[in-house]
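Remember, predicted model here, so these are calculated numbers, not experimental data.
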Amino acid sequence: MAEDVLQDAYLKLVKWGYARDLTNPFGYCCQAVRNMALDYCRRRMVEAGCFINSANGDLPEVDGGARADAGINERRSLACIETVLGALPSRTRLVFELSRLEGKTQREIAKIIGVSATLVNFMVKDAMMALAVCRDILRG
């Protein structure tokens, strides 16, 4: 940071120092460097209140042990899943929800909707293949 202060002070002195009739050039230089250093300190104090830095430059951990960007990826995942499931036929979506969200077996689902367990298996497979698009999108 000291190098940045000196460089900015030098540029200021080169630009404005010759435009003035200086009676004490050394004092003027010292005052310019002092003022520049104070400006840098004030700026760092303001930035410290706005930004969180970690030692290694990675995103800092937040409460709960999750990375700061985890919520963004989760919201993207949920939006993609909701879009894909919304595009599925209603019966396929129902079968997927009963299987994956409620934990029902294929035989239980087959009884509920009145189809064979094999058809339930194919419907779950179709839903999972459709959701693979979300996985590919989120991988980037």
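Scored by the salt bridge (charged side-chain N to carboxylate O under 4.0 Å, His left out) test, E82 finds no partners at all (sequence neighbours excluded). Taking A130 as the reference, V84, L88 meet the side-chain contact (heavy atoms from CB on, under 4.5 Å) condition, with sequence neighbours excluded. Every residue was checked against the side-chain contact (heavy atoms from CB on, under 4.5 Å) condition with T83, not counting sequence neighbours, and none meets it. For Y40, the side-chain contact (heavy atoms from CB on, under 4.5 Å) partners at least two apart in sequence or on another chain are M1, D4, V5, D8, M36, R43. Take R100 and apply the side-chain contact (heavy atoms from CB on, under 4.5 Å) test, not counting sequence neighbours, and it matches F96, V124, M128.
The distance from atom SG of C134 to atom CG of L85, rounded to the nearest 0.5 Å, is 8.0 Å. For the atom pair CG (D39) and CZ (R34), the distance works out to 10.5 Å, reported to the nearest 0.5 Å.
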side-chain contact (heavy atoms from CB on, under 4.5 Å) assessment of R91 paired with V115: CA-CA 11 Å; R91 194 167 70 165; V115 297; 3.6 Å; yes
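Counting heavy atoms of neighbouring residues, nucleotides and ligands inside a 6.0 Å radius, atom CD of E3 does not exceed 12 of them.
For the side-chain hydrogen bond (donor to acceptor under 3.5 Å, both in side chains) condition, the pairs that include at least one residue of residues 109-134, sequence neighbours left out, are Q106-N121.
V133 and L131 fall into different hydrophobic clusters, where Ile, Leu, Val, Met, Phe, Trp and Tyr side chains are chained together by heavy-atom contacts under 4.5 Å. No single ILVMFWY cluster, assembled from side-chain heavy atoms under 4.5 Å apart, contains both V120 and F122.
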